[in-house]
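From a predicted model like this one, the values you see are computed outputs, not experimental measurements. Below, chains carry the letters A, B, ... as their sequence lines are ordered, and counting in each starts from 1.
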2 protein chains.
Amino acid sequence: MLNDRKKRILQLIIEDYISTAEPVGSRTIARKYDLGISPATIRNEMSDLELLGYLEQPHTSAGRIPSAQAYRFYVDSLIEPGSLTDNDMALINSWYKERRRNIDDIFQSTAKILSRMTQNVSMVLANKDAGAVFRYIKFLPLDSSHAILCIVTDDGNVDNCVVEIPLGMRPEEMDYLAGRISRVLEGKELSEISDELLSALHMDVAEDKVLFTSFLQAIKRMSRKQNEQRVFLGGTKQLLNQPEFRDVERVKSLLGILEEEKVVRDLLVAGEDSGLKITIGTENKFTGIQDCSMVQATYRLNGKIVGTMAVLGPTRMEYGKVITVMDYLHKYLKTMFEQDKE
Amino acid sequence: MLNDRKKRILQLIIEDYISTAEPVGSRTIARKYDLGISPATIRNEMSDLELLGYLEQPHTSAGRIPSAQAYRFYVDSLIEPGSLTDNDMALINSWYKERRRNIDDIFQSTAKILSRMTQNVSMVLANKDAGAVFRYIKFLPLDSSHAILCIVTDDGNVDNCVVEIPLGMRPEEMDYLAGRISRVLEGKELSEISDELLSALHMDVAEDKVLFTSFLQAIKRMSRKQNEQRVFLGGTKQLLNQPEFRDVERVKSLLGILEEEKVVRDLLVAGEDSGLKITIGTENKFTGIQDCSMVQATYRLNGKIVGTMAVLGPTRMEYGKVITVMDYLHKYLKTMFEQDKE
DNA sequence: GTTAGCACTCTAACAAAATGAGTGCTAACA
DNA sequence: TGTTAGCACTCATTTTGTTAGAGTGCTAAC
């Protein structure tokens with residue numbers, strides 16, 4: 001175990017490196033922070049820390065930089081929970097207000113805020129199947145051969161699509177059909193509406209084949225859309241602010257990864273179970289981001305996973321700040337969702 | 001006027017520079033392209049072209065690069081209309097098919113394709129007010145105190161929002177109200193639905209204040225939403241492939257501009273009138289992109305501007321390819337939209 | 001256990017020199 | 001009159017050499 005002084009020195013080195021991105025030497029520590037010990041003593045301690053695997057030297061005559069192990073220790077034991085400045089909070093509030101029309105906007109804003117506040121790439125995964133329950137369907141006439149099929153769910157969402165009306169079908173008949181279908185599906189969660197259920201329904205109302213086929217497609221598509229996990233990215237531009245990414249090639253390779261929505265989704269889904277998850281360097285399973293760190297927070301509503309947000313950046317990341325911001329956003333989202341439910 | 005040989009040499013220089021991004025010297029031209037004349041002769045011609053303002057030298061002992069004037073001349077007189085390879089066309093088709101669920105997806109795909117094919121940033125502006133006409137509104141009951149207000153337009157779009165129902169109002173009453181409002185607004189283009197019209201309506205059905213206020217907000221929002229011009233960006237990553245943007249700072253500054261949706265919108269709207277518009281270097285009015293070129297094509301349907309697409313990149317741009325791709329996309333979109341209408 | 005002193009290491013910054021691609025000019029040639 | 005070979009000249013880029021500075025490790029003294 002590390003003694004208190006070693007811990008303190010390690011912490012200072014890590015934090016100094018996080019903020020400057022320069023290897024930090026014994027003199028720097030002694031000068032910047034008043035520890036009451038000389039550079040030589042610090043050197044000795046640093047030497048020990050290196051032996052223990054917490055520090056690394058890019059080359060003999062440079063200062064030292066924290067190893068992945070050091071960051072791990074830092075986030076596990078050293079980090080102190082911070083709090084946002086009033087300024088930051090005001091900024092967040094204004095960003096959320098800027099554009100808020102539907103749920104997607106909220107997620108998009110979250111991604112944006114997360115990246116702006118942390119100067120890193122952010123990812124937000126929205127699980128849309130947050131338990132929307134089927135209420136009823138309704139046909140709205142459009143013209144002689146088309147109608148709009150509206151599917152109403154209890155969260156107040158309406159999805160709609162244009163369907164073709166079988167020749168000669170009267171509005172009353174369509175209402176009747178809608179009623180029958182509605183009665184069967186009412187109260188089911190959209191994700192529950194399975195193929196079997198639909199085919200059973202098919203048997204039941206088989207007399208109107210054409211219309212029913214349209215309906216089938218619509219409900220399936222809607223169910224898929226509702227179930228769909230959507231990914232929102234933010235701050236790919238912030239990447240360029242990090243000295244680690246001064247080299248265009250590195251930027252390109254990371255952006256290449258982020259471009260693949262599937263990869264990002266997998267990445268996020270993999271870390272969904274735990275509340276707060278920090279993976280550092282090679283702890284990341286995905287090749288290509290093994291020189292990066294990722295902080296991920298999953299948020300739930302009534303026990304269900306609503307979504308997950310993450311910040312991806314160089315291992316030299318402001319973990320404390322990231323966590324603090326995420327925590328705030330988490331709370332913010334919670335109240336927003338609860339408000340929506342009401 | 002330039003004689004044929006000068007034109008030819010200028011063309012070769014421009015095309016060589018476009019593909020290599022390196023200043024091109026007289027030897028290069030003589031070696032690469034068999035013109036039957038010696039480097040010395042080419043040098044003389046180049047010297048003339050420089051005097052005429054078509055070529056520039058970064059420094060005395062470098063080759064020459066085309067000036068903005070040269071590019072202007074190139075796109076006006078020298079460029080030969082190309083055609084896409086089968087491979088390219090197949091690629092485009094597959095990209096369009098990849099994800100096509102609604103009109104936004106089509107625009108997004110267009111932006112993506114445009115950037116992929118040209119290795120530059122692409123921008124697509126979608127004018128959504130393509131003449132949607134109000135049909136009727138309908139209230140769908142949700143629970144005892146809420147209903148969903150659906151606004152149906154003749155293009156088969158339904159917009160909806162949740163409204164609060166005044167205490168004790170019965171469904172029949174709501175239907176009656178919906179009918180009255182519908183009759184007044186029917187046949188109007190959404191963009192026509194002005195404040196005056198709405199206030200007149202207000203007088204008319206003033207008995208149900210609360211509900212009507214909700215409705216007012218909804219229709220206004222919808223009208224705004226329909227009128228809204230949406231911007232789709234593509235290929236901010238391709239930027240990094242251009243040697244001009246090897247410097248991170250330049251990337252940052254351009255991305256900064258593109259990030260401002262308003263700026264991009266203004267930029268695109270400004271060039272909307274003409275069919276195909278190419279602005280080179282300082283011809284661009286917007287500061288910050290004056291070392292870039294922009295190729296913009298506006299597409300119409302039945303005389304109305306549906307949208308506009310543009311490619312933004314270094315002046316050293318494959319103008320021919322860009323134009324060819326845009327032309328193809330233009331046709332592709334046209335058939336797609338006409339199909340949709342049918 | 002702590003610290004001052006010192007030799008040693010290695011990078012980054014700077015300067016000087018070599019390299020080479022390309023030009024402009026002149027004189028000769030067809 | 002247009003074209004070309006030859007050659008001196010220019011200037012960015014690359015290479016090489018040098019220096020300054022930050023930092024270390026070790027030792028001996030406190």
Side-chain angles (χ1 to χ4, degrees), chain A residues 1-10 12-17 19-67 70 243-244 246-247, chain B residues 1-10 12-17 19-67 70 243-244 246-247:
Chain A
M1 238 345 254
L2 301 180
N3 63 32
D4 280 354
R5 194 170 70 184
K6 280 203 174 54
K7 276 189 197 164
R8 180 92 184 107
I9 290 175
L10 182 56
L12 289 177
I13 292 174
I14 294 174
E15 284 170 1
D16 196 82
Y17 184 67
S19 67
T20 65
E22 295 291 330
V24 1
S26 53
R27 287 192 64 118
T28 319
I29 294 290
R31 213 179 317 124
K32 260 187 176 168
Y33 313 96
D34 188 23
L35 290 179
I37 49 177
S38 77
T41 310
I42 296 173
R43 266 205 297 284
N44 288 332
E45 296 288 42
M46 284 166 89
S47 182
D48 290 354
L49 285 167
E50 182 169 0
L51 228 53
L52 290 166
Y54 291 102
L55 296 178
E56 297 170 349
Q57 268 186 300
H59 54 264
T60 40
S61 73
R64 280 158 166 112
I65 61 174
S67 66
E244 276 80 356
R246 199 134 350 131
D247 176 26
Chain B
M1 239 345 254
L2 301 180
N3 64 33
D4 280 355
R5 194 170 71 184
K6 280 204 174 55
K7 276 190 200 167
R8 180 93 183 105
I9 289 175
L10 182 56
L12 289 177
I13 292 174
I14 292 174
E15 284 169 1
D16 195 83
Y17 183 67
S19 68
T20 65
E22 293 293 328
V24 3
S26 52
R27 288 193 64 122
T28 319
I29 294 291
R31 212 179 319 122
K32 257 187 177 167
Y33 313 97
D34 189 21
L35 290 177
I37 49 177
S38 76
T41 310
I42 296 173
R43 264 205 297 285
N44 288 332
E45 297 286 41
M46 283 167 88
S47 181
D48 291 353
L49 286 168
E50 182 170 358
L51 229 53
L52 291 166
Y54 290 102
L55 295 180
E56 297 170 348
Q57 270 186 300
H59 54 264
T60 41
S61 72
R64 281 162 167 110
I65 61 173
S67 67
E244 276 80 356
R246 198 136 351 128
D247 175 26

A:Arg5 side chain reached by A:Ile37 side chain, heavy atoms, under 4.5 Å: yes

Could you give the [atom1]-to-[atom2] distance, from [X] to [N], as a whole number of Å?
X       : N      : atom1 : atom2 : answer
B:Ile65 : C:dG22 : CD1   : P     : 14 Å
B:Glu45 : D:dG2  : CD    : C1'   : 10 Å
A:Asn44 : D:dA28 : CG    : P     : 15 Å
A:Ile29 : C:dT3  : CD1   : C1'   : 18 Å
B:Ile42 : C:dG24 : CD1   : P     : 13 Å
A:Ile9  : D:dT24 : CD1   : P     : 12 Å
A:Ile37 : D:dC30 : CD1   : P     : 22 Å
A:Leu49 : D:dG23 : CG    : P     : 17 Å

So, is [X] close to the [N] phosphate, meaning a side-chain N or O under 4.0 Å from OP1 or OP2?
X       : N      : result
A:Thr41 : C:dG1  : no
B:Thr28 : C:dG22 : yes
B:Arg64 : C:dG24 : yes
B:Ser38 : D:dT4  : yes

Just the atom pairs and distances: protein N or O near nucleotides 10-13 of chain D's N or O, under 3.5 Å.
from	atom 1	to	atom 2	distance (Å)
D:dT10	O3'	B:Thr60	OG1	3.4
D:dC11	O5'	B:Thr60	OG1	3.4
D:dC11	O4'	B:Ser61	OG	3.4
D:dC11	O2	B:Ser61	OG	3.0
D:dA12	O4'	B:His59	NE2	3.4

Comparing A:Ala40 and B:Gly36 on DNA chain D - which has the more 5′ nearest nucleotide: B:Gly36

Under 3.5 Å, which protein N or O atoms sit close to an N or O of nucleotides 27-30 of chain C? Give each pair with its distance.
none

Proximal nucleotide (of [options]) relative to the [X] side chain:
X       : options               : value
A:Arg5  : C:dG24, D:dG23, C:dT2 : C:dT2
A:Arg43 : C:dG5, C:dT2, D:dG23  : C:dG5
A:Gln57 : D:dG25, C:dT3, C:dG24 : D:dG25

Minimum heavy-atom separation for [X] and [Y], please, with both atom names.
X       : Y       : answer
B:Ile65 : B:Pro23 : CG2-CA, 3.8 Å
A:Ala30 : A:Pro39 : CB-CG, 3.8 Å
B:Lys6  : B:Leu2  : CD-CD2, 4.0 Å
A:Met46 : A:Leu55 : O-CD1, 4.0 Å

Dot-bracket line, read 5' to 3' along DNA chain D, where crossing pairs take [ ] and | marks a partner on another strand, Watson-Crick or G-U under 3.5 Å: ||||||||||||||||||||||||||||||

Between [atom1] of [X] and [atom2] of [Y], what distance do you get to the nearest 0.5 Å?
X       : Y       : atom1 : atom2 : answer
B:Leu12 : B:Thr28 : CG    : OG1   : 11.5 Å
B:Lys7  : B:Leu49 : NZ    : CG    : 12.0 Å
B:Gln57 : B:Ser47 : CD    : OG    : 8.5 Å
A:Ile9  : A:Asn3  : CD1   : CG    : 8.0 Å
B:Arg64 : B:Ile13 : CZ    : CD1   : 8.0 Å
B:Arg8  : B:Leu35 : CZ    : CG    : 6.0 Å

A:Ser67 side-chain N/O to A:Gly53 backbone N/O, donor-acceptor pair under 3.5 Å: yes

